[in-house]
Each structure stands twice: as structure tokens, then as C-alpha cells.
Amino acid sequence: MRGRATALSDRLHALEEAVGALTPVVGPGEPMIEAALSGAQGVLQRAGERGALSAAHTVVALAGATGSGKSSLTNALAGHDVTQVGARRPTTGHPVAVVWGTEPSAPLLDWLGIDRRVGAEAAGGPRLDGLVLVDLPDIDSVRTDHHDRAARLAARVDMLVWVLDPQKYADAVVHQQYLRPMARHAEVTLAVLNQVDLLSPPDVRQVMADVAGRLADDGLRGVEVLGVSALTGAGLPDLRRRLADVVARRAAVQARLQADVATAADRLADVCPAPAPGAVSRTEQRQLVDRLCEAGGVEAVATAVAGSYRYRARMRAGWPVTRWLGRLRPDPLRRLHLGRPGQEANPSRDDPVLTVSSAPPPSPAVRSQAASALRRLAETGAGSATGVWRDHLREGAMAHVDDLPRALDAAISSHRTVHARDPRWFALPAVLQWLWFATAVVGALWLGVIAGVRYLGLPPPWTPQLGPVPAQESGALLPALPALPWPTVALLGGLLLGLLTSVVVWGAARIGAARRRRRTRIALRTAVTQVAERLVLAEVHARVQAARTYAHALERARR
């Protein structure tokens, strides 16, 4: 019992997983799948409800067509008349429950929806305590309400005893609509050929063999067929012993629910076969990131960052005169309007990759390559799946495609590497440049004063000199250097030192810009990878995992 209960719990959990995985996949245009899903959800609900009710009772229903003798057989088993028997058809309109034993059964019968309840008379033979025998309405009744009651109860009882008569045992309604769909329920199905008193012994054996063969054709192999007569009592002891054995083992509840779960899983597998999704390779993921980097303008932004680095170096550490001229040209990053709203491209529906607002629009070829990468990813994820699963898996790569432009824009334009601060070394040459500039200005002003004094014919002021340097001190091969006035030294020295510092800054800025360009390219690619993971790959992986969960759950539920 414990092993069967564990197996039932595992199958119910598997069916619940399959239903949970399939529900988001099914659209409103799939009535067959919706019906199968509804049936599976009904099985889960019934299993939970039946598990909360009496485990001491086994509900056995007598089902059959009009005139098969269900009511007569019910009376014979109960030991007294509990249901009407007559020639007018349909005879049974409302179900009747016969209860053996004293264990309370009211909650179970309320759940079944059976109002007519009677107790069985004590009789000799095997004990049937715990048996609840239900006489169902005729399954082929012309009354729709009778037919619906029979179908609802047949789905809830623990075991079905099909009562067949010699004239209608091959009725297509019974076999096609009821027996064949219950091929998984052989363990909780019993066939009774009633009214054998109307046949000779050889005919009884022949008809029972034919019934067994037809049941096997319906998928119910191994179902026991008993010949009885409610009128003469022939075969009733064997039927009672069979029912007593079912009640004593108390396995019908779990067996019925296991069969219901397997049947529901079979139906799901028929209308929505288990998919075989593909696996997205690292190469395809890398190609997608490459295309998104191109569409997002990562290279253009990295180039602009490098250009901005050089521009800022000139603006902060360049020669003060030339830096003023440089202000006529804008910062390369500002030209891209990074961090500010910009215009977005509007590609066609077939090429759903938009440009970011901070970079120039990608070329049609780049946009097409990005869209192709997305479609290729969608086809890979779909694998060999068919039907709704294939559509669901293919749509995974495109599920958030409308959010890609804004996400790429945010990831690229607001990344900290794009707005990195100026390096600290800019401060030293900036101070030096102002020092050299001030020196040159002082020298120029000094020379201007001397020139003005001479222009006015006034005595020239005393001007300190640098030099002269004797030849022996300057080197044997060099002539003596003339003396230079300090104003001239200040002017020329300031200009030369400023030029030299600018050359050094220019070289250092090129090296730093190249390094920052590489770092920016790597950082922005990482940011684009995160966007691809969040908006594309995560959805693809989630849908692939849901498809695999559905396939594995169906397999476990159908065991």
C-alpha cells in the first residue's frame, strides 16, 4: 500500500509539472490541447479531493447500457430491492448507493453527489464491509441528464463493473466511448455478462470468450469476465468473492487514480507530443553578442571614448593657446549625445533590431545580421519540437526584442567606463603648462617694456644676462656662446618647454586612449552580454527548460 501510494504521489507530481509547463504555451486557438489540459487538471483536483475522503471505503459502480440488468444485479448483491426494476426504459435515472458496514460514508457520498443511500442486508459468504456499490444511470440513455450523471460518476468511482447482456455486449457506444478510452484501467475494471440464464452453457462460454476478445481489442487485456444471472443467482458467489477481494486489498483507490493520471498524460502526449528542444551553443551565444555589439555601436562608442580621452588631455594639459582653439571642436562623446535622449531608428518588422540613441544608426547589413542571429537562435532553441511547443520555443528569442534598443542604450550610454573621470596625471602637465605659459608671458612683457623704453629714447634699463659661456667651459669643439638676456630666455624657454610638454602629453594621451578604448570595448561587451542574457538567452533557456520538464514529466506520469 505504501509503495503504491508513493508511486501515485510521484505520478500526480509529474502530471502537475506537465500541466504547469504546458499551460503558458497553449493559446486560445488550440481547443484539443485545452480540453486535454482541462482533463488533466480535473484528474489532479479529483485526486486531491478523493485522497482527503474515506480510505476505508471502496466505491464500485455498476455501469452498462439500458436493459443490461444493472438494477437487478444491484438488488441481488444487496439482498433486497433497493432500486426499481422495470421494462420501461431508461430504468435508472438517479444513482443509488448500497453501503456495507458501519463506517461513516456520508462525506464520500456527498462528494459523489449520491442522495439515495441504503444499507445492505447481512448475508452469508465473504464479508463486504467497506464496499459502496453504486447503480449508475444508463450510459446510453436518451435523457441527457441521465447520461451526464453516469459519466460524472464513472470518472469518480474507484472501480467499474461493466454489466453486459448477451444481446448488446458488442454495443459500439459502450466500447468506443467508454471502454476504449479506459485502456489504462484494466486493474480496476471488471466485466460481468448478465442474463446467462438465457443462453446454453456452450453459448455462454462462446459469448464470454468473445467479450474477452473485444475487451482486449479495446486495450483492456487481462480484465476478468464473469458470467452471472441476477434472476437465478448463478455466478453471484464468484462476483461477491471478487468484490470482497477488492475491498480487502484497499488498493482500488490508488490504482484508479494512477490509471487516471496515466490516461490524462496519454491524452496530453497525443494532442501535444513531448518536444525535443535544442541546445544553444556558446558559439551561437557569442555570435549573438557580436551582432548586438555591432547594432549597439560598441566600437563607435569605444572609439569616441578614446577620442574624448585625447580631447580632454589637450583641453587640460595642452598648450593654453592651442587649447582655446581646440574648444572649437566638440568632445567626441558629446557628439554622440551619450546619456541624453536621441533619435531611434525604425527598422522593419522582419529586422527587429533597433539602434541605440547614443550611437550612429547601424547599417542595414549590421541590422540584418543581428536579426539573423536572433532567428538562428530561435531555430536552435526549437530543435525538433513540433506544434505549439515549436512556436513557443521559437518565440523565446523574440519575446523581449522590443525592449532590446532601450536596454542596449542604457547599458552602453550609462556605463561607468563611458563617463570615467580624467586620470590624475593630467594635473601635473596642466600645472607645468601654465607655469611655462606664465614664464613666456613674463618674458614677452619684459621684452616689450625694453622695446618701449628704447622706442621712447630713454636709457635702456639694466637687463640680467645669461652667459657668456667661455669656450673652454662649453667644450673644446664649440665656440663661446653669446650672452642671452633673461627676458629672451624666459620667452623662448617657456615656448620650448610648453611645446615639449605638449609632445609628451600627446604621446601619453595616445597610449592612455588606446588602453581606455580596449577597456571600454571589453566592458561594453560585458554589458551587452548581460543584456543578451537577460532579454534573450534567459527566456530561451527558460522555455527550453520548460519543454524538457514537460517531456520528462509526461514520461514519469505515463509509466
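Every value quoted in this text rests on a predicted model; they were computed, and no experiment measured them. In what follows, every heavy atom counts, from backbone to side chain, and hydrogens, waters and symmetry copies are set aside.
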Practice task
Any chance you could measure Gln530, atom CD, to Arg534, atom CZ, to the nearest 0.5 Å?
Solution key: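 Rounded to the nearest 0.5 Å, the CD-CZ separation comes out at 8.5 Å.
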Practice task
Any chance you could measure Leu257, atom CG, to Ser9, atom OG, to the nearest 0.5 Å?
Solution key: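 If I round to the nearest 0.5 Å, the distance is 11.5 Å.
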Hey, is [X] close enough to [Y] for a salt bridge, meaning N to O under 4.0 Å?
X	Y	answer
Asp158	Arg250	no
Arg242	Asp238	no
Arg214	Asp210	yes
Asp290	Arg525	yes
Arg390	Glu379	yes

Handout entry: Verdict with reasoning, Trp162 to Leu179, per side chain to side chain contact (heavy atoms under 4.5 Å, CB included)
Key = CA-CA 9 Å; Trp162 288 97; Leu179 292 174; 3.4 Å; yes
How about [X]: does its [atom1] atom have over 12 heavy atoms from other parts shown lying under 6.0 Å from it?
X	atom1	value
Arg394	CZ	no
Arg127	CZ	no
Glu224	CD	yes

Handout entry: Pair Arg559-Asp10, salt bridge (Lys or Arg N to Asp or Glu O under 4.0 Å): steps then yes or no
Key = CA-CA 10 Å; Arg559 288 176 183 170; Asp10 292 342; over 6 Å; no
For the residue pair [X] and [Y], what are the closest heavy atoms and their distance?
X	Y	value
Cys272	Leu22	SG-CD1, 3.6 Å
Leu236	Ala76	CD1-CB, 3.7 Å
Ala150	Asp138	CB-O, 4.5 Å
Gly278	Val544	O-CG1, 3.8 Å
Ala21	Pro24	O-CD, 3.5 Å
Ala279	Arg548	CB-NH2, 4.1 Å

Any side-chain heavy atom of [X] sitting closer than 4.5 Å to one from [Y]?
X	Y	answer
Arg184	Asp260	no
Trp111	Arg156	yes
Val134	Leu62	no
Arg558	Arg11	no
Leu160	Tyr178	no

Practice task
Please assess Leu193 against Val228 for the test side chain to side chain contact (heavy atoms under 4.5 Å, CB included), listing each intermediate value before the final yes or no.
Solution key: CA-CA 6 Å; Leu193 179 64; Val228 302; over 6 Å; no
Exercise: do [X] and [Y] side chains pair donor with acceptor under 3.5 Å:
X	Y	result
Gln545	His541	no
Glu17	Thr549	no
Thr263	Asp266	no
Asp135	Ser71	yes
Glu49	Gln45	yes

Exercise for the section: Say whether, by atom type as modelled, one donor and one acceptor occur between the side chain of Arg116 and the main chain of Pro95 under 3.5 angstrom. Expected result: no
Problem - Any donor-acceptor N/O pair, Arg256 side chain to Val157 backbone, under 3.5 Å - result: yes
Exercise for the section: Please identify each residue that fulfils side chain to side chain donor-acceptor pair (under 3.5 Å) with His80, with sequence neighbours left out. Expected result: none
Problem - side chain to side chain donor-acceptor pair (under 3.5 Å) partners of Asp218, counting only residues at least two apart - result: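 With neighbours one apart ignored, the set is His175, Arg180.
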